[in-house]
Undergrad: 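Encoded as structure tokens, here's the structure I'll be asking about.
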Amino acid sequence: MNVYDSARMAELLAPLGYDATQRPEEADLVILNTCHIREKAAEKVYSDLGRLKPVKSERGALIAVAGCVAQAEGEEILRRAPYVDMVFGPQSYHRLPEMIARVLRGAGRVIETDFPAVPKFDSLPAGVGASEVSAFLTVQEGCDKFCAFCVVPYTRGAEYSRDVAAIEAEARSLVARGAAEITLLGQNVNAYHGRDEGGAVIGLGALLERLARIEGLARLRYMTSHPRDMDEALIAAHAGEPKLMPFLHLPVQSGSDRLLEAMNRGHCADDYRRLVDRLRRARPDLALSSDFIVGFPGETAADFEATMTLVRDTGFASAYSFKFSPRPGTPAASLDSPVPEAVKDERLQILQAELRVQQDRFNRAAIGQVLPVLFEKPGRHLGQVVGRTPYLQAVHVDAPASWIGTIADVAIVGMKTNSLTGAPADERKRIPA
Ligand code: SAH
Ligand code: SF4
């Protein structure tokens with residue numbers, strides 16, 4: 001979502017004459033769009049700011065901190081890095097032009113961390129410039145679930161769903177500008193419940209069905225989902241909508257009922273297993289990915305073993321796993337019985353080794369198959385393009401750059417650590433996406 005927000009900021013700044021650069025030393029304005037989800041991400045902001053100090057003193061560039069660290073630690077940032085000009089949270093970035101004007105006028109440093117009454121989406125400009133082949137589109141933001149470990153409800157604020165018409169207009173604009181695939185984004189994207197033109201409230205399943213009708217849009221995905229919000233209509237979309245890709249990121253966090261309860265996740269391990277069964281009945285080739293936290297306070301060896309059992313029972317195509325990181329202001333930060341760092345490390349290693357085996361197994365199973373690949377960008381080597389299978393696996397193929405933006409059948413011939421290699425199966429079947 002930060003990638004999406006950054007792209008919208010760039011669009012917002014274009015009419016003011018700003019153009020994106022990857023090099024801070026040549027910038028007139030540097031924006032750090034930050035993440036507060038774990039301590040490591042948050043601490044990185046301060047080391048990055050230290051490195052940016054010369055950009056400020058030598059070039060007089062404006063320095064801004066955006067995103068969830070800004071939201072959570074606004075005053076602290078200004079105290080620790082007095083050369084920062086602007087601090088604003090994820091719900092305020094539509095005000096960027098007026099914030100810049102205020103700073104340039106010499107009206108002092110800006111801090112904007114209130115949740116505005118009017119949603120920012122109403123005041124963001126329509127997209128300009130070329131789109132990525134695979135584009136993001138935020139449809140839902142914020143979270144009301146308050147998992148015990150998580151800062152999102154405090155930094156991104158309450159759950160909010162955009163109207164269907166605004167989403168469809170943005171999707172059409174992305175497709176007109178070159179997108180062939182759209183990933184709908186939300187902190188709890190499957191809690192989506194937006195209004196259509198007639199004022200009726202629709203869920204994510206119906207929204208996907210609507211967007212699937214857009215001509216020129218070949219693929220749809222969505223992320224991130226909560227197990228509790230996987231409703232019948234959404235599962236049915238996986239069965240019946242061919243543009244909806246057979247890959248689902250469905251975080252479970254733990255396989256221990258005791259910990260799931262302490263985490264306030266609102267479901268048990270067997271609820272997750274039953275849900276996966278229903279999804280696989282709807283779409284037998286569905287590839288699953290998940291998030292896991294090890295070392296939540298009070299996690300015993302038996303709790304951890306329950307997580308390992310769930311992982312082995314389910315089988316994941318990929319996954320993210322993290323050591324519990326106590327976040328200020330969350331209920332879990334003040335729980336007793338912290339798990340020692342060494343135990344966290346050991347458990348993380350064991351879990352990641354099993355997830356690695358599962359990922360390799362999943363990728364190896366693709367070798368020998370012919371899969372439709374949507375090509376997104378040039379590869380690292382000259383004469384190579386990179387695309388993705390329906391299951392989100394990256395595939396490197398020797399082919400000209402003109403293949404970018406098209407879908408071709410690819411024979412999968414090999415695998416590397418995190419990607420596949422393939423050869424064009426039948427060039428006559430290559431289609432513009
Ligand atoms: N809304 C999604 C997840 C959003 S946060 C969901 O409900 O599943 C992304 C991931 O970061 C989470 O799934 C969790 O695994 C991890 N995470 C969040 N807070 C964390 C914390 N305090 N310590 C470690 N990992 C955390
Ligand atoms: Fe955080 Fe996701 Fe839980 Fe919301 S549902 S509190 S975003 S982990």
Side-chain angles (χ1 to χ4, degrees), residues 1-5 34-44 67-69 71-73 90-91 138-161 183-193 204 222-230 248-256 259-267 269 271-272 275-276 288-299 303-304 307 310-311 314 316 318-335 338-339 341 343-345 347-348 351-352 355:
M1 193 171 279
N2 275 15
V3 172
Y4 173 88
D5 288 339
T34 62
C35 176
H36 199 244
I37 198 80
R38 284 171 294 276
E39 193 180 352
K40 217 165 144 188
E43 273 308 312
K44 198 168 174 298
C68 290
V69 179
Q71 185 65 40
E73 301 182 10
Q91 305 309 348
T138 292
V139 303
Q140 181 279 336
E141 257 193 296
C143 182
D144 296 338
K145 293 218 163 46
F146 292 92
C147 299
F149 50 81
C150 185
V151 290
V152 169
Y154 313 97
T155 56
R156 286 264 174 185
E159 225 174 63
Y160 167 77
S161 295
T183 301
L184 306 185
L185 298 180
Q187 264 81 35
N188 259 292
V189 71
N190 59 344
Y192 176 83
H193 55 279
L204 188 65
Y222 60 93
M223 178 168 84
T224 293
S225 296
H226 194 290
R228 249 160 63 197
D229 293 320
M230 281 317 293
L248 178 62
H249 184 64
L250 193 62
V252 64
Q253 316 298 354
S254 168
S256 154
L259 282 197
L260 286 167
E261 169 93 48
M263 289 175 171
N264 192 32
R265 291 289 290 180
H267 65 82
D271 291 334
Y272 188 82
L275 177 57
V276 167
L288 282 173
S289 108
S290 196
D291 291 343
F292 297 92
I293 296 177
V294 299
F296 188 81
E299 184 186 67
D303 292 321
F304 177 64
T307 298
L310 181 98
V311 169
T314 311
F316 292 97
S318 65
Y320 298 95
S321 42
F322 314 100
K323 287 191 282 184
F324 169 70
S325 167
R327 306 307 291 127
T330 62
S334 49
L335 286 178
V339 175
E341 207 52 32
V343 176
K344 283 190 197 170
D345 282 330
R347 289 180 185 166
L348 188 67
L351 174 62
Q352 289 187 338
L355 291 167

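Everything numeric in this text was worked out from a predicted model, so none of it was measured. Each ligand, and each atom within it, is numbered from 1 in the order the structure gives. Along the sequence shown, residues carry numbers from 1. Heavy-atom basis, side chains included; hydrogens, waters and symmetry copies ignored.
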Undergrad: For atom 4 (C) of ligand 1, is some protein heavy-atom partner under 4.0 Å away?
TA: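 Flag for atom 4 (C) of ligand 1 set to false, no protein heavy atom closer than 4.0 Å.
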Undergrad: Taking His249 as the fixed residue, which of Ser318, Ser289, Ser290 is the one that meets the side-chain hydrogen bond (donor to acceptor under 3.5 Å, both in side chains) rule?
TA: Ser289
Undergrad: Examine Cys143 and say whether one of its N/O/S atoms is closer to atom 1 (Fe) of ligand 2 than 2.8 Å.
TA: no
Undergrad: Arg265 to ligand 1: N or O pair under 3.5 Å?
TA: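 Right, the criterion is met.
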Undergrad: With a 4.5 Å cut-off on side-chain heavy atoms, are Thr34 and Glu73 touching?
TA: no
Undergrad: By number and element, which atoms of ligand 2 are closer than 4.0 Å to a non-hydrogen atom of Asn188?
TA: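 Result: 4 (Fe), 5 (S).
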Undergrad: Out of all atoms in ligand 2, which are within 4.0 Å of some heavy atom of His226? Include the element for each.
TA: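 Going through ligand 2 atom by atom, the ones under 4.0 Å from His226 are 5 (S).
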Undergrad: Do any nitrogen or oxygen atoms of Asp291 come within less than 3.5 Å of a nitrogen or oxygen of ligand 1?
TA: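 There is such a contact, yes.
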Undergrad: How close does the nearest protein non-hydrogen atom get to atom 24 (C) of ligand 1, and which residue and atom is it?
TA: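 For this ligand atom, the closest protein heavy atom is Lys323 O, 3.3 Å.
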Undergrad: Taking the six-membered ring for Trp and the full ring for Phe, Tyr or His, determine whether the centres of Phe149 and Phe322 are under 6.0 Å apart.
TA: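 No; Phe322 has its ring centre 6.0 Å or more from that of Phe149.
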Undergrad: Pull out every atom of ligand 2 sitting under 4.0 Å from any heavy atom of Pro153, numbered as shown with elements.
TA: 6 (S)
Undergrad: Any idea which protein heavy atom is nearest atom 15 (O) of ligand 1, and the distance to it?
TA: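 In this structure, atom 15 (O) of ligand 1 has Gln253 OE1, 2.7 Å as its nearest protein heavy atom.
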Undergrad: Among all protein non-hydrogen atoms, which one is nearest to atom 17 (N) of ligand 1, and what is the separation to 0.1 Å?
TA: Arg38 NH1, 3.6 Å
Undergrad: Backbone, side chain, both or neither: what part of Phe322 comes under 4.0 angstrom of ligand 1, heavy atoms only?
TA: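 Side chain only.
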Undergrad: Give the numbers and elements of all ligand 2 atoms closer than 4.0 Å to a heavy atom of Arg265.
TA: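 Close to Arg265: 3 (Fe), 8 (S).
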Undergrad: CD of Glu39: more than 12 outside heavy atoms within 6.0 angstrom?
TA: no
Undergrad: Quick one: does Ser325 get an N or O within less than 3.5 Å of an N or O on ligand 1?
TA: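 N/O-N/O distance below 3.5 Å exists for this pair.
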Undergrad: Would you say Arg327 and ligand 1 have an N/O pair spaced under 3.5 Å apart?
TA: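 Arg327 vs ligand 1: no N/O contact under 3.5 Å.
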Undergrad: Counting C-beta onward and ignoring hydrogens, is there a side-chain heavy-atom pair between Phe296 and Val339 closer than 4.5 Å?
TA: no
Undergrad: Side chain, backbone, both or neither: which applies to Gln187 and ligand 1 if a contact is any heavy-atom pair less than 4.0 Å apart?
TA: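 Backbone only.
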Undergrad: Is the shortest distance from a heavy atom of Lys145 to ligand 1 less than 4.0 Å?
TA: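 It does not, in that no heavy atom of Lys145 comes within the 4.0 Å cut-off of ligand 1.
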Undergrad: Considering heavy atoms of the protein only, find what lies nearest to atom 19 (N) of ligand 1 and give residue, atom and distance to 0.1 Å.
TA: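 So the nearest neighbour among protein heavy atoms is Phe149 CD1, 3.3 Å.
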Undergrad: Angle class for the Tyr272/Phe316 ring planes (parallel below 30°, perpendicular above 60°, tilted otherwise)?
TA: tilted
Undergrad: Is ligand 1 less than 4.0 angstrom away from at least one heavy atom of Ile37?
TA: yes
Undergrad: Short list, please: which atoms of ligand 2 are under 4.0 Å from a heavy atom of Phe149?
TA: 8 (S)
Undergrad: What residue and heavy atom of the protein are closest to atom 6 (S) of ligand 2, and at what distance?
TA: Cys147 N, 3.2 Å
Undergrad: Show the atoms of ligand 2 that are less than 4.0 angstrom away from any heavy atom in Val152.
TA: 7 (S)
